[in-house]
Amino acid sequence: NINMKIKLYCLKINENEIKTTDYKELGKFVRRNRKDIKEILYFSWEIPKNKLERALEYSIEELYELKKKGVTNAKEYS
């Protein structure tokens with residue numbers, strides 16, 4: 001089903017970032033980067049599964065701005 005949605009977890013701690021669909025991988029990242037946190041940006045976003053590869057090309061900051069604007073279609077990403 002091309003309309004199937006998946007949850008993309010996006011987390012940036014200081015200068016380290018992760019974009020993943022695996023919640024366990026997210027937890028491992030948090031444990032590795034939890035010391036001396038100065039800056040954090042976290043959000044999750046349900047996106048169409050067929051748009052995942054395109055979404056991963058963006059930085060977490062860019063994805064966050066797209067999400068705030070309500071972008072849901074990869075055609076709007078460019």
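Values reported hereafter were calculated over all heavy atoms of this structure, with side chains retained and with hydrogens, waters and symmetry mates removed. For clarity, every value in this text was computed on a predicted model and none was experimentally measured.
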* Asked: For the residue pair C10 and L63, what are the closest heavy atoms and their distance?
  -> SG-CD1, 4.0 Å
* Asked: Does one hydrophobic cluster hold both L52 and M4, with members joined at side-chain heavy-atom distances below 4.5 Å?
  -> yes
* Identify, with sequence neighbours excluded, every residue that meets side chain to side chain contact (heavy atoms under 4.5 Å, CB included) alongside Y64. => L41, F43, K68
* Can you sort out the partners of E15 under side-chain hydrogen bond (donor to acceptor under 3.5 Å, both in side chains), two or more places apart, ordered by chain and number? => none
* Audit row: W45, L66, side-chain contact (heavy atoms from CB on, under 4.5 Å) steps and yes/no -> CA-CA 10 Å; W45 194 4; L66 290 170; 3.9 Å; yes
* Go through L11 and E17 one step at a time and tell me if the side-chain contact (heavy atoms from CB on, under 4.5 Å) criterion holds. => CA-CA 6 Å; L11 174 61; E17 65 178 50; over 6 Å; no
* **salt bridge (Lys or Arg N to Asp or Glu O under 4.0 Å) against E61, all qualifying residues, sequence neighbours excluded** => K12
* Asked: Which residues pass the salt bridge (Lys or Arg N to Asp or Glu O under 4.0 Å) test with E53, sequence neighbours left out?
  -> none
* From CA spacing to verdict: side-chain contact (heavy atoms from CB on, under 4.5 Å), L8, L56 -> CA-CA 9 Å; L8 178 64; L56 294 176; 4.0 Å; yes
* Can you sort out the partners of T20 under side-chain hydrogen bond (donor to acceptor under 3.5 Å, both in side chains), two or more places apart, ordered by chain and number? => E25
I'd like a table of donor-acceptor pairs (distance under 3.5 Å, sequence neighbours excluded) in which one partner is a side-chain atom from residues 26-40, with atom names and distances.
residue, atom, partner, partner atom, Å
R31, NH1, G27, O, 3.4
N33, OD1, N16, ND2, 2.9
N33, ND2, F29, O, 2.9

* Look only at the side chain of K19 and the backbone of Y58, and say whether a donor-acceptor pair between them is shorter than 3.5 Å. => yes
* Y9-I6 co-clustered via ILVMFWY side chain contacts under 4.5 Å -> no
* Nearest 0.5 Å please: distance from the CD atom of E46 over to the NZ atom of K5. => 6.5 Å
